[in-house]
Amino acid sequence: MKEKVGADMDGLLALLGFDIHNLVAGFSGGIAVSFALKKSDPWDILGGVIVGGLCGNWASSIFLGTEHGTAAFFAGVVGMPLCQLMVLWIRKKMEMLT
């Protein structure tokens, strides 16, 4: 029974477009950058880890064109700063329109 649940979870993640290997590598990249930047606020750390995991999943397979491992880790490392830059860019564009 336990094997069936694991297989169902893998199928659900794949259906949603998530690769567990890329997610874990991206999460690890988010954790690494949190330690490197010496973040102490739990919400900053959690946000960096979540964004790192999502960027690792998305960027390594779609944008970088690789499968698992190093690319997903580095996508996780640069995930939060990249998202912050995109938010700033969008804010500036929105200010120009108003």
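Hydrophobic clustering (side-chain heavy atoms under 4.5 Å, transitive across Ile, Leu, Val, Met, Phe, Trp, Tyr) keeps V87 apart from W58. Each of L54 and M80 belongs to its own hydrophobic cluster when Ile, Leu, Val, Met, Phe, Trp and Tyr are linked at side-chain heavy-atom distances under 4.5 angstrom. The cluster map of Ile, Leu, Val, Met, Phe, Trp and Tyr, joined by side-chain heavy atoms under 4.5 Å apart, puts I31 and L46 in the same cluster. Hydrophobic clustering (side-chain heavy atoms under 4.5 Å, transitive across Ile, Leu, Val, Met, Phe, Trp, Tyr) groups V24 together with I45. No continuous path of ILVMFWY side-chain contacts below 4.5 Å connects M96 to L85, so the two sit in separate hydrophobic clusters.
Pairing each heavy atom of C55 with each of C83, the nearest pair is SG-SG, 4.1 Å. In terms of heavy atoms, F73 sits closest to A32 at CZ-CB, 3.9 Å. Smallest separation of non-hydrogen atoms from G53 and L23: O-CD2, 3.5 Å.
Grouping Ile, Leu, Val, Met, Phe, Trp and Tyr by side-chain contacts under 4.5 Å, direct or through others, puts L97 with W89, I90, M94.
The environment of CZ in F27 is crowded: more than 12 heavy-atom neighbours from other residues, nucleotides or ligands sit within 6.0 Å.
A donor-acceptor pair under 3.5 Å is formed between the side chain of N57 and the backbone N or O of D19.
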